[in-house]
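One structure is given below, encoded as structure tokens.
In each ligand, atom 1 is the first atom listed, and ligand 1 is the first ligand listed. All heavy atoms count here, side chains included; hydrogens, waters and symmetry mates do not.
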Amino acid sequence: MLRVGVVGCGAIGKEHIKRLNNKLQGVTVVVVSDVFEEGAKTAAALCDGKVYTDANALINDAEVDAIVCTSPGFAHVETVLAAIKAGKPVFCEKPLATTADDCKKIVDAEIASGKHLVQVGFMRRYDKGYIQVKEALDSGEFGAPLMLHCTHRNPEVGTDYTTPMAVHDTAIHEIDCLHWLVDDEYESAQVIMPGSTKYTHSELKDPQIMLLRTKKGICIDVEVFVNCKFGYDINCEVVCEEGVVKMPAPATPIIRKEGRLSTGIETSWINRFIDSYDVELQDWVNSVAKGEVNGPTAWDGYVAAVTADALVRAQQSGNIEAIVTGECPKFYK
Ligand code: NAI
């Protein structure tokens, strides 16, 4: 039984505690920590766990075999570095860290430790739809991928959501998932701004078209439209040399009523990806038990940060911006 300590007991922290303890196999949450003691106590009641307010005390607790880090992004680097120092596996919710430099520090520390310890919570790689697309592409049946047309639409966002957040909080999932899907690396980024919807405000350009080009020359367009009003609508279509592979949307009943044929569109990101969180964390538990990391690595976390930075620069400059990550270290190949 893998004994886990959870750092950060907010919304997703509590969800993961319930998931780990009640749904998944071979794992139990034994300790939780939060800088906010009452929050930690509430979360501890979900798993009958011990409470700390100091993440380092949790990481170095002899009863903790592995760590799940669900604090806010700015706090991740400290926890992940401490876990590496303690030689313990750590599942870190995205982002790995809020700057590319901090992500690189984690990469360097993990390589120096000589052990694969870090997995980043990019759960789309565990979504059934994306896996089906990846299997189709990897079969080679359709030839090489040439173009990807994707959308990331949300019904609406809060008034504190601003233009760069379309990259850091929204497109970040496509950034990780799409290069994995086509097994390629990014080369450059560009952002085109159409006229904005009347439902946005002066600090948020909405929608945006984000363009990524890979080293093999694949052109990717991602429409990010976070006040689209009608639903949480994630699409991904891959145009290949000998066919087109489109991700299926989760099935809902097809209704015939009053002269119309209709089907539902998901409205919440939680519902759309709920199953992938279960698959993701079960896979992490299983691989940690074997001393491995299967999912997105610290290097993937670093690549996502560098790519996001290039997209934000492109939002501001209107130019094509280079994405420079350097060579992927042998350790991650
Ligand atoms: P939240 O704000 O609800 O919870 C964060 C918790 O961490 C709070 O209880 C806060 O008191 C605590 N905290 C703050 N600083 C801390 C520190 N230094 N050490 C320990 N605890 C600390 O945030 P939420 O929504 O739960 O998000 C947490 C992380 O999960 C974020 O990085 C977010 O991006 C990620 N996330 C990932 C999702 C995904 O789709 N993979 C979905 C939702 C969140």
Tell me the protein heavy atom at minimum distance from [atom], and give that distance in Å.
{"atom": "atom 11 (O) of ligand 1", "value": "D34 OD1, 2.6 Å"}
{"atom": "atom 41 (N) of ligand 1", "value": "E93 OE1, 2.9 Å"}
{"atom": "atom 20 (C) of ligand 1", "value": "V7 CG1, 3.7 Å"}
{"atom": "atom 21 (N) of ligand 1", "value": "G8 CA, 3.5 Å"}
{"atom": "atom 18 (N) of ligand 1", "value": "A75 CB, 3.5 Å"}
{"atom": "atom 7 (O) of ligand 1", "value": "P72 CD, 3.3 Å"}

task = Flag K94 as yes when one of its N or O atoms lies below 3.5 Å from any N or O atom of ligand 1, and as no otherwise.
result =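 Yes; at least one N/O pair falls below 3.5 Å.
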key: Min N/O separation I12 to ligand 1 under 3.5 Å   =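 N/O-N/O distance under 3.5 Å: yes.
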What part of [X], side chain, backbone, both or neither, has a heavy atom within less than 4.0 angstrom of ligand 1?
{"X": "E78", "result": "neither"}
{"X": "A11", "result": "both"}
{"X": "Y277", "result": "side chain"}
{"X": "T70", "result": "backbone"}
{"X": "F122", "result": "neither"}

Does [X] come within less than 4.0 Å of [Y], counting only side-chain N to carboxylate O?
{"X": "E63", "Y": "R3", "result": "no"}
{"X": "R125", "Y": "E280", "result": "no"}
{"X": "K105", "Y": "D101", "result": "no"}
{"X": "R19", "Y": "D278", "result": "yes"}
{"X": "E266", "Y": "R272", "result": "no"}

ask   = Between CD1 of I220 and CG of L211, what distance do you get to the nearest 0.5 Å?
value =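 Answer for the CD1-CG pair, I220 versus L211, is 10.0 Å.
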task = Output the distance between atom CG (D233) and atom SG (C228), rounded to the nearest 0.5 Å.
result =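 With rounding to 0.5 Å, CG (D233) is 6.5 Å from SG (C228).
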Nearest-option assignment for atom 29 (C) of ligand 1, heavy atoms, candidates S276, S71, G10 =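 Nearest heavy atom to atom 29 (C) of ligand 1 lies in S71.
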ask   = With respect to atom 15 (N) of ligand 1, which of V6, D176, V35 exhibits the smallest heavy-atom separation?
value =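 Answer by nearest heavy atom: V35.
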May I ask whether [X] has any heavy atom positioned less than 4.0 angstrom from an atom of ligand 1?
{"X": "H173", "answer": "yes"}
{"X": "A40", "answer": "no"}
{"X": "G39", "answer": "no"}
{"X": "K14", "answer": "no"}
{"X": "A55", "answer": "no"}

inquiry  = Quick one about Y161 and D169 (side-chain donor to acceptor, distance below 3.5 Å, no hydrogens or angles considered), yes or no?
reply    =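 Short answer, no.
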Counting heavy atoms not belonging to [X], are there more than 12 under 6.0 Å from its [atom1]?
{"X": "Q282", "atom1": "CD", "value": "yes"}
{"X": "E241", "atom1": "CD", "value": "yes"}
{"X": "K246", "atom1": "NZ", "value": "yes"}
{"X": "I320", "atom1": "CD1", "value": "no"}

So if I count the atoms of ligand 1 from 1 in the order they appear, which ones are less than 4.0 Å from some heavy atom of [X]?
{"X": "F36", "answer": "11 (O)"}
{"X": "H76", "answer": "32 (O)"}
{"X": "G121", "answer": "41 (N)"}
{"X": "M123", "answer": "40 (O), 41 (N)"}
{"X": "W269", "answer": "42 (C), 43 (C)"}

request  = Decide whether M165 and V222 are clustered together by the hydrophobic rule: side chain heavy atoms of Ile, Leu, Val, Met, Phe, Trp, Tyr closer than 4.5 Å, transitively.
outcome  =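 Yes, same cluster.
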request  = Evaluate the 4.0 Å heavy atom contact test for atom 23 (O) of ligand 1: does a protein atom fall under the cut-off?
outcome  =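 It does not; no protein heavy atom is within 4.0 Å.
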task = Return yes when at least one protein heavy atom is under 4.0 Å from atom 2 (O) of ligand 1, and no when none is.
result =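 So atom 2 (O) of ligand 1 lacks protein heavy-atom neighbours under 4.0 Å.
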query = Which heavy atom in Y277 sits nearest to a heavy atom in I12, and how many Å separate them?
reply =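 The pair with the smallest heavy-atom distance is CE2-CD1, 4.1 Å.
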ask   = Of the non-hydrogen atoms in L178 and C236, which two are nearest, and what is the gap between them?
value =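 That closest heavy-atom pairing would be CD2-SG, 4.1 Å.
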request  = Identify the residue among I218, T307, D184, V303 that makes a side-chain contact (heavy atoms from CB on, under 4.5 Å) with H179.
outcome  =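 Of I218, T307, D184, V303, side-chain contact (heavy atoms from CB on, under 4.5 Å) with H179 is met by V303 alone.
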